[in-house]
Number of protein chains: 2
Amino acid sequence: MSRAQQKEKTRRAIIDAAFAQLSPDKGFSSLSLREVAREAGIAPTSFYRHFADMDELGLTLVDEAGLMLRQLLRQARNRIEKNGSVIRTSIETFMEFVVGNSNVFRLLLRERSGTSAAFRRAVAREIQHFCAELADYLRKETACPDEYAQMQAEAMVTLVFHAGADALDASPESRVQITLRTIVQLRWLAHGAAGYGRRPKD
Amino acid sequence: MSRAQQKEKTRRAIIDAAFAQLSPDKGFSSLSLREVAREAGIAPTSFYRHFADMDELGLTLVDEAGLMLRQLLRQARNRIEKNGSVIRTSIETFMEFVVGNSNVFRLLLRERSGTSAAFRRAVAREIQHFCAELADYLRKETACPDEYAQMQAEAMVTLVFHAGADALDASPESRVQITLRTIVQLRWLAHGAAGYGRRPKD
DNA sequence: AAAATTAGCTTACAGTTGTAAGCTAAAAGT
DNA sequence: ACTTTTAGCTTACAACTGTAAGCTAATTTT
């Protein structure tokens with residue numbers, strides 16, 4: 001095996017080790033370099049051959065998580081074409097992602113409000129992609145005026161992410177409730193944004 | 001000074017020390033018992049005379065933060081009576097709280113999605129109070145049907161909290177934008193929930 | 001007045017952490 | 001074939017952590 005190949009392999013081992021050690025009770029910030037190295041099967045100091053410090057590893061993890069989010073978007077679009085119900089299909093797809101990749105979602109969720117400004121920015125950027133694509137869609141497909149599409153998308157993503165967070169701590173039965181609740185909330189938003197001309201009283 | 005009084009005093013010193021050490025770069029989980037004890041002016045081991053461990057201290061902090069939230073609600077109600085504009089006044093009051101007590105708000109924000117299930121539950125409970133009071137208000141004052149008041153309140157609180165989180169990282173000028181954005185989003189929700197009979201298309 | 005309780009102290013220990021220094025062996029470059 | 005580069009190793013150290021054990025002095029109880 002070439003040196004470059006081998007290096008890439010251990011790099012992956014480190015990343016996978018980090019993801020593997022994330023859990024409901026353990027966030028990235030309580031991950032230690034030594035632990036990660038141990039799980040990856042290398043000496044602690046060898047870690048530095050791949051990342052300058054834990055922060056650099058963390059940003060890599062966030063990047064990978066963002067990649068998975070974008071894959072999720074494509075998957076949702078496919079399903080919508082077959083199914084038709086935009087809001088319901090989107091939320092259900094998202095919920096499957098959250099439950100099936102809970103470690104990945106939790107990473108985004110925690111670092112979004114974590115202690116590192118760099119991490120927060122990185123997560124915000126990934127979520128921003130999400131919003132931008134949704135806003136595009138809203139502009140094309142709905143009665144929502146252009147300037148409001150972005151704000152509507154942001155509100156929707158906020159509510160859906162929050163629902164995902166709730167789902168992580170909930171039983172499978174309550175997850176159904178959370179999904180239903182979120183569907184209604186998103187419909188209100190869509191309805192409200194479409195009929196924006198008539199303002200509700202303050 | 002009586003023994004009980006003195007004890008209460010050091011207990012407060014510990015709590016205040018903990019709050020003081022929270023910062024944009026330092027969450028509760030990266031607070032050490034020794035650091036807190038040092039700042040409180042006591043020996044590390046004396047900490048145990050007041051709290052069984054750091055978790056117990058953390059839950060106390062969350063409780064205090066929740067108390068401040070409820071005070072905030074009362075303040076908002078007073079202002080609404082004078083001012084009239086419910087949504088705008090509420091959001092502006094909330095934003096003032098976030099900026100003025102950023103350490104307290106950050107605590108809630110972080111522990112809401114933190115690694116300790118007990119902390120998450122504690123924060124969820126405090127936010128639940130918020131939602132319940134708002135739902136009550138919505139039932140009385142708006143056209144929203146009873147069963148939807150709770151869901152609407154939850155959506156509103158989610159959006160407002162999220163706006164608060166954004167505000168923490170934003171410049172004063174962008175805070176104005178965030179506030180305006182949130183006002184519009186909440187109006188949509190109110191509008192959508194009031195006209196719930198006509199469903200928007202999926 | 002004597003006894004019991006206790007808030008806070010000092011000392012001590014074992015565990016973990018990040019990372020510096022320097023070696024080895026193998027791959028890549030010449 | 002010789003030199004350079006480098007991924008990974010071992011060893012080492014200083015800093016910090018939580019907390020156990022036991023003392024002191026002052027308040028409270030009896």
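Note on naming: letters A, B, ... go to the chains in the order of the sequence lines (proteins, then strands), and numbering restarts at 1 for each one. Just so it is clear, the model here is predicted, and its values are computed rather than measured.
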What nucleotide among [options] has an atom nearest to a side-chain atom of [X]?
{"X": "Gln6(A)", "options": "dG8(C), dG8(D), dA7(C)", "answer": "dG8(D)"}
{"X": "Arg3(B)", "options": "dA12(C), dA26(D), dA21(C)", "answer": "dA26(D)"}
{"X": "Ala43(A)", "options": "dT17(C), dA7(C), dC9(D)", "answer": "dC9(D)"}
{"X": "Ser32(B)", "options": "dT17(C), dC9(C), dG18(D)", "answer": "dG18(D)"}
{"X": "Leu33(B)", "options": "dG18(D), dT17(D), dT11(D)", "answer": "dG18(D)"}
{"X": "His50(A)", "options": "dC9(D), dG8(D), dT17(D)", "answer": "dG8(D)"}

For the pair made of [atom1] in [X] and [atom2] in [N], what is the distance, rounded to whole Å?
{"X": "Leu31(A)", "N": "dT17(C)", "atom1": "CG", "atom2": "P", "result": "10 Å"}
{"X": "Asp53(B)", "N": "dA20(D)", "atom1": "CG", "atom2": "P", "result": "11 Å"}
{"X": "Ile14(B)", "N": "dA7(C)", "atom1": "CD1", "atom2": "C1'", "result": "11 Å"}
{"X": "Asp55(A)", "N": "dG18(C)", "atom1": "CG", "atom2": "P", "result": "12 Å"}
{"X": "Gln5(B)", "N": "dA7(C)", "atom1": "CD", "atom2": "C1'", "result": "15 Å"}
{"X": "Phe51(A)", "N": "dG18(C)", "atom1": "CZ", "atom2": "P", "result": "15 Å"}
{"X": "Met1(A)", "N": "dA7(D)", "atom1": "CE", "atom2": "C1'", "result": "13 Å"}
{"X": "Glu8(B)", "N": "dG8(C)", "atom1": "CD", "atom2": "P", "result": "11 Å"}

**Request:** By nearest nucleotide on DNA chain C, pick out whichever of Ile42(B) and Met54(A) is the more 5' one.
**Result:** Ile42(B)
**Request:** Between Arg49(A) and Pro44(A), just flag the one whose closest nucleotide in DNA chain C comes earlier from the 5' side.
**Result:** Pro44(A)
**Request:** Using a heavy-atom cut-off of under 4.0 Å over every strand shown, decide if Arg11(A) touches base, sugar-phosphate, or nothing.
**Result:** nothing
**Prompt:** Relative to the ring of Phe119(A), is the ring of Phe28(A) parallel (under 30°), tilted (30 to 60°) or perpendicular (over 60°)?
**Reply:**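 Because their plane-to-plane angle lies in the 30° to 60° range, the rings of Phe28(A) and Phe119(A) count as tilted.
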**Asked** Is there a donor-acceptor contact under 3.5 Å linking the side chains of Glu154(A) and Gln150(A)?
**Response**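 Glu154(A) vs Gln150(A): donor-acceptor pair found between side chains.
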**Item:** First encountered from the 5' end of DNA chain D, between Glu35(B) and Ala4(B)
**Value:**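 The 5'-side residue here is Glu35(B).
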**Request:** Using heavy atoms to find the nearest nucleotide of DNA chain D for Arg34(A) and Tyr48(B) separately, return the residue whose nucleotide is more 5′.
**Result:** Arg34(A)
**Item:** N or O in side chain of Thr10(A) less than 4.0 angstrom from dG8(D) OP1/OP2
**Value:** yes
**Asked** Looking at Ser46(A), does any N or O in its side chain come under 4.0 Å of the phosphate oxygens OP1/OP2 on dA7(D)?
**Response**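 Negative; the distance criterion is not met.
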**Asked** Only one of Arg74(A), Arg70(A), Arg77(A) forms a salt bridge (charged side-chain N to carboxylate O under 4.0 Å, His left out) with Glu133(A), so which one is it?
**Response** Arg77(A)
**Request:** Considering only NZ, NE, NH1 and NH2 on the basic side and carboxylate oxygens on the acidic side, decide whether Arg12(B) and Glu64(B) come within less than 4.0 Å.
**Result:** yes
**Message:** Assess whether a salt bridge exists between Arg125(A) and Asp63(A), defined as any Lys/Arg side-chain N lying under 4.0 Å from an Asp/Glu carboxylate O.
**Reply:** yes
**Request:** Compute the ring centroids of Phe94(B) and Phe105(B), then answer whether they are less than 6.0 Å apart.
**Result:** yes
**Asked** Under 3.5 Å, is there an N or O donor on one side and an acceptor on the other linking the side chain of Ser2(B) and the base of dT27(D)?
**Response** no
